[in-house]
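Notes follow once the structure below has been shown.
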2 protein chains.
Amino acid sequence: MAARREFTRESLAAGVRAGDRRALARAITLVENSEPLAYEVVKELYPETGHAYAVGITGPPGVGKSTLIGALVRHVREGDRSVGVISVDPSSPFSKGALLGDRIRLSDHFLDPEVFIRSMGTRGHQGGLSEATLQALLVLDAAGKDLVFLETVGAGQGEVEVITIADTVVLVLMPGSGDSIQALKAGIMEIPDVIAINKMDHPAAKTMLNEVRSVLSLDKESAWRPPIVLTEASRGENVPELWAKIEEHRAFLGEEGRLEEQRRRNLAGEVFAVASARAKSHLEEAVAEDPELRRLLDEVQQRQLDPLSAVREIMRKVFKVGG
Amino acid sequence: MAARREFTRESLAAGVRAGDRRALARAITLVENSEPLAYEVVKELYPETGHAYAVGITGPPGVGKSTLIGALVRHVREGDRSVGVISVDPSSPFSKGALLGDRIRLSDHFLDPEVFIRSMGTRGHQGGLSEATLQALLVLDAAGKDLVFLETVGAGQGEVEVITIADTVVLVLMPGSGDSIQALKAGIMEIPDVIAINKMDHPAAKTMLNEVRSVLSLDKESAWRPPIVLTEASRGENVPELWAKIEEHRAFLGEEGRLEEQRRRNLAGEVFAVASARAKSHLEEAVAEDPELRRLLDEVQQRQLDPLSAVREIMRKVFKVGG
């Protein structure tokens with residue numbers, strides 16, 4: 001084996017453009033580690049992006065999101081489209097390296113040069129998960145992927161921000177997803193674009209379908225009514241139907257400039273999410289390094305200084321802004 | 001009726017200290033609206049706080065958290081302790097004004113001068129929900145409440161930060177809470193201090209109990225093993241048992257300086273949460289007011305400027321910090 005050659009900005013950008021797997025893997029690792037080279041490469045590639053369509057697959061752990069993504073990838077590959085998958089779900093089999101298990105036959109995809117699958121760590125990103133996911137999506141977009149699937153567990157503010165990068169959001173539930181139904185009903189969880197009820201063979205699948213229908217019927221205003229598809233991801237059942245609904249939503253967004261408007265809003269939201277995550281990291285670092293700022297926290301603990309006064313003082317010292 | 005007299009800093013602080021209901025209501029409204037007077041009053045009262053014990057009641061919507069809080073309040077009032085309740089769950093009956101319904105007999109508590117119940121809006125706080133909840137808790141603490149219950153829906157980063165103010169966290173589930181069990185199992189949801197399985201009359205309650213037990217058995221390291229209590233909040237059944245477990249956890253924290261250490265960590269976490277929420281608000285306001293910053297977002301949308309470069313530029317201009 002030849003000595004490992006490090007990528008330069010030029011060679012890495014060229015490799016990503018060409019869809020070279022090694023370049024893609026390297027670029028996303030650099031993105032995960034917030035390396036300056038990743039920033040430089042994405043900056044260079046950004047004007048060439050915007051062609052990939054991003055489908056978010058979200059839902060509680062254990063409902064079969066990864067299996068469903070595997071089945072969707074198989075389906076769209078029949079149509080010859082190139083695909084990227086980014087998983088930011090720490091409980092995903094993708095993240096646990098369980099890709100080659102017999103339940104999820106993604107091994108075929110691994111040999112397919114037009115499919116690139118990558119899981120991302122969910123911790124330690126200076127600009128939060130949003131930053132790393134956004135940058136990874138841009139890398140796959142620049143590599144010419146037609147479709148990028150984004151798997152998230154869909155709980156926690158950080159992941160809500162992740163999923164807003166997606167053009168179409170699919171919520172996956174299964175019989176027993178009572179808490180999610182309650183959260184949808186209570187308006188705590190945002191209504192997705194498409195709903196898949198997986199594990200359709202379960203005797204309670206019909207009950208779940210009726211519950212989801214009844215929740216969705218509460219909204220009579222929206223121009224888009226989220227379709228519900230019963231699937232059995234492990235057998236690929238109804239996966240073409242699910243894909244057809246995703247395509248319908250894509251066509252809907254294509255009308256009246258909706259996609260462009262939504263992307264404008266989402267990109268602005270991402271910029272704020274990344275900036276505030278960076279602001280938080282910056283604050284924490286500043287406090288860790290500055291004994292005077294740490295002393296403020298001690299005073300809060302000792303009930304000598306109230307928390308908001310400490311916040312004001314920290315903001316003033318670190319960001320030069322008044323409370 | 002006499003003309004409404006506005007509180008001054010002195011009269012409001014004195015009213016809160018005396019536990020006057022009108023002063024408490026006013027102080028928390030001012031806290032919700034981030035009024036300077038609220039800041040001044042909490043600042044003055046802060047050295048007198050730290051005596052109230054905060055119990056977080058979290059869990060998905062519909063499991064009966066509010067009913068359980070009602071039952072717990074009734075139970076602890078028999079022991080003559082004064083109580084505050086803060087609900088930051090938008091789906092809570094407390095928030096919907098459904099307090100006097102026959103299911104939740106909290107009307108008695110409303111006439112009880114030693115019980116103060118308040119729901120908080122979940123939007124529009126400059127320093128986020130964490131700030132408003134923390135300040136409201138401090139107000140009730142300064143008013144001499146022995147116990148403060150904090151109701152949150154326990155999904156979404158913002159609410160995770162809210163619940164970290166609590167000394168003891170009780171997770172409420174019910175038969176059908178499959179998504180929460182999966183989230184606990186996957187390590188996505190933090191293990192609480194006490195678990196209540198409400199609606200114990202449901203035929204699937206035992207199954208849920210076994211599932212929760214099996215998840216908890218995975219952790220063999222922790223010094224505290226979270227007890228599980230089956231409850232029927234609407235009849236007050238097993239509520240004394242649940243309260244006993246909360247007291248046991250409190251006693252556990254009382255040993256080896258654990259409570260002090262936990263509060264130190266939690267207060268520091270709150271300070272960072274509030275500061276970063278404020279940083280985000282500050283960024284959004286700055287961009288809204290400054291056409292030059294808004295132009296950066298347009299350039300991102302037009303793929304002329306990559307998102308991270310826009311973030312850097314915004315951070316540099318607003319906070320005077322380098323990327």
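Reminder, nothing fancy here: chain letters follow the sequence lines and each chain counts from 1.
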Margin query: Please rank B:P61, B:A268, B:G176 by heavy-atom pairs under 4.5 Å with chain A and give me the top one.
Written below: B:P61
Check: Which pair of heavy atoms, one from A:K320 and one from B:K320, lies closest together, and at what distance?
Finding: CG-CG, 4.5 Å
Check: Residues two or more places apart in sequence or in another chain: which of them pass side-chain hydrogen bond (donor to acceptor under 3.5 Å, both in side chains) with A:E292?
Finding: A:K317
Next item on the list: Quick one: closest heavy-atom pair of A:V318 and B:V321, and the distance?
Entry: O-CG1, 4.1 Å
Notebook entry, point to check: Can you find a pair of side-chain heavy atoms, one from A:R303 and one from B:E48, that are under 4.5 Å apart?
Noted result: no
Next item on the list: Look at atom CD of A:E260 and say whether more than 12 heavy atoms of other residues, nucleotides or ligands are closer to it than 6.0 Å.
Entry: no
Check: In terms of heavy-atom pairs under 4.5 Å with chain A, which of B:P47, B:A310, B:A204 leads?
Finding: B:P47
Notebook entry, point to check: Of all of A:V287, A:V63, A:T49, A:V42, which one pairs up most often with chain B through heavy atoms under 4.5 Å apart?
Noted result: A:T49
Notebook entry, point to check: So which heavy atom on A:P307 is nearest to which on B:L134, and how close?
Noted result: CB-CD2, 3.8 Å
Notebook entry, point to check: Using non-hydrogen atoms only, which part of A:L308 is less than 4.5 Å away from chain B: side chain, backbone, both, or neither?
Noted result: both
Notebook entry, point to check: Got a sec, which residues hit side-chain hydrogen bond (donor to acceptor under 3.5 Å, both in side chains) with A:Y39, two or more places apart in sequence or on another chain?
Noted result: B:S309
Notebook entry, point to check: Excluding sequence neighbours, so at least two apart, what forms side chain to side chain contact (heavy atoms under 4.5 Å, CB included) with A:E284?
Noted result: A:K280, B:F272
Note to self: Distance check, rounded to the nearest 0.5 Å: A:Y46 atom OH versus B:E299 atom CD?
What the structure shows: 10.5 Å
Check: Applying a criterion of heavy atom separation less than 4.5 Å, what residues of residues 178-185 of chain A form contacts with chain B?
Finding: A:G178, A:D179, A:S180, A:Q182, A:A183
Notebook entry, point to check: What part of B:E44 lies closer than 4.5 angstrom to a heavy atom of chain A: side chain, backbone, both or neither?
Noted result: neither
Note to self: So for A:L45, is it side chain, backbone, both, or neither that comes closer than 4.5 Å to the heavy atoms of chain B?
What the structure shows: neither
Item checked: Pair A:D298-B:R264, side chain to side chain contact (heavy atoms under 4.5 Å, CB included): steps then yes or no -> CA-CA 8 Å; A:D298 291 337; B:R264 168 188 292 273; 3.2 Å; yes
Next item on the list: Please flag which part of B:L305 lies under 4.5 Å from any non-hydrogen atom of chain A: side chain, backbone, both or neither.
Entry: backbone
Checklist line | When A:Q304, A:Q135, A:R263, A:M174 are compared by non-hydrogen pairs under 4.5 Å with chain B, the top option | finding: A:Q135
Check: Can you name the nearest heavy-atom pair linking A:S276 to B:L283, along with the distance?
Finding: N-CD1, 4.0 Å
Note to self: Within the 4.5 Å heavy-atom criterion, are B:I314 and A:V271 side-chain neighbours or not?
What the structure shows: yes
Item checked: Taking every non-hydrogen atom, the tightest pair across B:V311 and A:A275 -> CG1-CA, 3.9 Å
